[in-house]
Amino acid sequence: MSDESILSLENESIDSWETLIFLYTSALKEVGTKIDILNDEFQHIHKYNPIEHVKSRIKKPESIVKKLRRNGYESTLENMVRYVNDIAGIRITCSFTSDIYRIADMIAKQSDLRILSLKDYIKNPKASGYQSYHMIITVPIFLSDQVVDTKVEVQIRTVAQDFWASLEHKIYYKFEGNAPAYISQELRDCAKIVANLDARMLSLNEAIQSLDAEDKTAAKAGKQE
Ligand code: 0O2
């Protein structure tokens with residue numbers, strides 16, 4: 001297991017929070033660079049950027065402790081490594097749902113990354129209405145004397161799904177998870193609108209692409225005459 005890699009390092013030198021954060025920060029740099037390169041390559045070949053923006057963050061210590069407590073674990077370094085999968089998190093926002101699966105596939109094909117879990121909250125949205133594609137991966141961090149596989153959570157979602165999730169997150173925290181029923185219902189309704197908007201924008205884009213392809217074929221045929 002990749003956890004074991006950090007955990008075995010812990011026996012020797014993960015003696016502090018600082019060492020852990022150094023590893024997770026390095027993991028964000030590695031994965032961030034991979035995503036940049038994939039986006040640039042896609043632009044180079046297809047003249048199109050599947051990614052709108054990328055944001056990364058290290059989870060705040062108080063949020064890590066809260067998550068451990070919520071799941072019934074004590075706040076130890078070992079429990080953080082083992083049970084909190086999103087200490088290092090990267091969020092990729094794109095225009096169309098088809099881009100989400102394209103990016104996820106490109107990440108999954110990188111031979112040095114290991115996929116620990118995948119959650120498709122687009123095909124199976126959460127009860128709250130939340131939609132996003134989550135991957136927990138490990139990336140090898142090459143230190144001077146060893147290689148440490150380090151976990152990163154990658155969240156991939158459309159701009160519309162991200163807009164919904166940001167507002168829902170704010171509301172969730174404001175009401176500490178107990179929002180009035182009419183607000184939760186309104187959020188679920190908005191999530192359906194988001195799914196519908198994403199589906200319509202995707203088919204609109206596909207229609208434009210097939211028109212472009214027809215134009216190119218007609219122009220080629222015109223040249224040959
Ligand atoms: P915060 O405050 O954003 O950091 P796992 O990570 O797989 O071991 P978990 O945490 O149950 O277990 O996984 P899940 O459900 O995939 O959630 C991971 C993260 O996704 C959450 O982290 C949120 O960032 C986001 N997320 C999940 N569900 C929702 C939701 O209903 N609404 C919004 N806005 N975001 C959601 P945290 O630590 O729970 O929260």
Looking just at side-chain N and O atoms, do [X] and [Y] make a donor-acceptor pair shorter than 3.5 Å?
{"X": "N39", "Y": "Q43", "result": "no"}
{"X": "T158", "Y": "D198", "result": "yes"}
{"X": "Y172", "Y": "N178", "result": "no"}
{"X": "R188", "Y": "Y130", "result": "no"}

[X] side, atom [atom1]; [Y] side, atom [atom2] - distance, nearest 0.5 Å:
{"X": "T93", "Y": "D99", "atom1": "OG1", "atom2": "CG", "result": "11.5 Å"}
{"X": "R102", "Y": "T97", "atom1": "CZ", "atom2": "OG1", "result": "10.0 Å"}
{"X": "R91", "Y": "K55", "atom1": "CZ", "atom2": "NZ", "result": "6.5 Å"}
{"X": "I136", "Y": "R114", "atom1": "CD1", "atom2": "CZ", "result": "13.5 Å"}
{"X": "F42", "Y": "Y48", "atom1": "CZ", "atom2": "OH", "result": "7.0 Å"}
{"X": "D189", "Y": "Q185", "atom1": "CG", "atom2": "CD", "result": "4.5 Å"}

Check for a donor-acceptor pair, side chain of [X] on one end and backbone N or O of [Y] on the other, with a separation under 3.5 Å.
{"X": "Q110", "Y": "I107", "result": "no"}
{"X": "T150", "Y": "V148", "result": "yes"}
{"X": "S63", "Y": "K59", "result": "no"}
{"X": "K151", "Y": "R82", "result": "yes"}
{"X": "N71", "Y": "K67", "result": "yes"}
{"X": "E153", "Y": "I87", "result": "no"}

Exercise for the section: Verify side chain to side chain contact (heavy atoms under 4.5 Å, CB included) between L143 and I141, making sure each step is shown before the conclusion. Expected result: CA-CA 6 Å; L143 301 178; I141 302 301; 3.9 Å; yes
Is [X] linked to [Y] within one hydrophobic cluster, defined over Ile, Leu, Val, Met, Phe, Trp and Tyr using a side-chain heavy-atom separation of less than 4.5 Å?
{"X": "F163", "Y": "F96", "result": "no"}
{"X": "M106", "Y": "V154", "result": "yes"}
{"X": "I103", "Y": "I115", "result": "yes"}
{"X": "L187", "Y": "I193", "result": "no"}
{"X": "Y83", "Y": "I21", "result": "yes"}

Heavy-atom check, side chain of [X] versus side chain of [Y], under 4.5 Å:
{"X": "D149", "Y": "V139", "result": "no"}
{"X": "L204", "Y": "R200", "result": "no"}
{"X": "V152", "Y": "T138", "result": "no"}
{"X": "S26", "Y": "L23", "result": "no"}
{"X": "Y73", "Y": "M80", "result": "no"}
{"X": "D86", "Y": "H134", "result": "no"}
{"X": "S117", "Y": "M135", "result": "no"}

Exercise for the section: Determine whether more than 12 heavy atoms belonging to other residues, nucleotides or ligands lie under 6.0 Å from atom NZ of K220. Expected result: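 Incorrect, the count does not exceed 12.
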Exercise for the section: Look at atom NE2 of H53 and say whether more than 12 heavy atoms of other residues, nucleotides or ligands are closer to it than 6.0 Å. Expected result: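 It does: H53 NE2 has more than 12 such atoms within range.
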Do you know the tightest heavy-atom contact between [X] and [Y]?
{"X": "I90", "Y": "I35", "value": "CG2-CD1, 3.9 Å"}
{"X": "A191", "Y": "Q131", "value": "O-NE2, 3.2 Å"}
{"X": "P50", "Y": "C94", "value": "O-CB, 2.8 Å"}
{"X": "A165", "Y": "R157", "value": "CB-NH1, 3.3 Å"}
{"X": "S16", "Y": "T19", "value": "OG-OG1, 3.0 Å"}
{"X": "L118", "Y": "Y133", "value": "CD1-OH, 3.6 Å"}

Exercise for the section: Output, in order, the C-alpha distance, side-chain angles, deciding distance and verdict of side chain to side chain contact (heavy atoms under 4.5 Å, CB included) for E74 and L68. Expected result: CA-CA 7 Å; E74 268 179 65; L68 281 173; over 6 Å; no
Handout entry: side chain to side chain contact (heavy atoms under 4.5 Å, CB included) between W164 and S132, worked out
Key = CA-CA 10 Å; W164 183 96; S132 189; over 6 Å; no
Handout entry: Ion pair check, K109 and D105, cut-off under 4.0 Å
Key =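 Here K109 pairs with D105 in a salt bridge, since their nearest N and O are under 4.0 Å apart.
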Problem - With sequence neighbours excluded, residues passing side-chain contact (heavy atoms from CB on, under 4.5 Å) with V65 - result: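 V65: side-chain contact (heavy atoms from CB on, under 4.5 Å) contacts with R69, S75.
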Exercise for the section: State whether F22 and K29 meet the cation-pi test: NZ (Lys) or CZ (Arg) under 6.0 Å from the six-membered ring centroid, and within 45° of the perpendicular axis. Expected result: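 The answer is no, since K29 fails at least one limit relative to F22.
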Practice task
Kindly determine whether M201 and S95 satisfy side chain to side chain contact (heavy atoms under 4.5 Å, CB included), including the steps that lead there.
Solution key: CA-CA 9 Å; M201 297 294 262; S95 300; over 6 Å; no
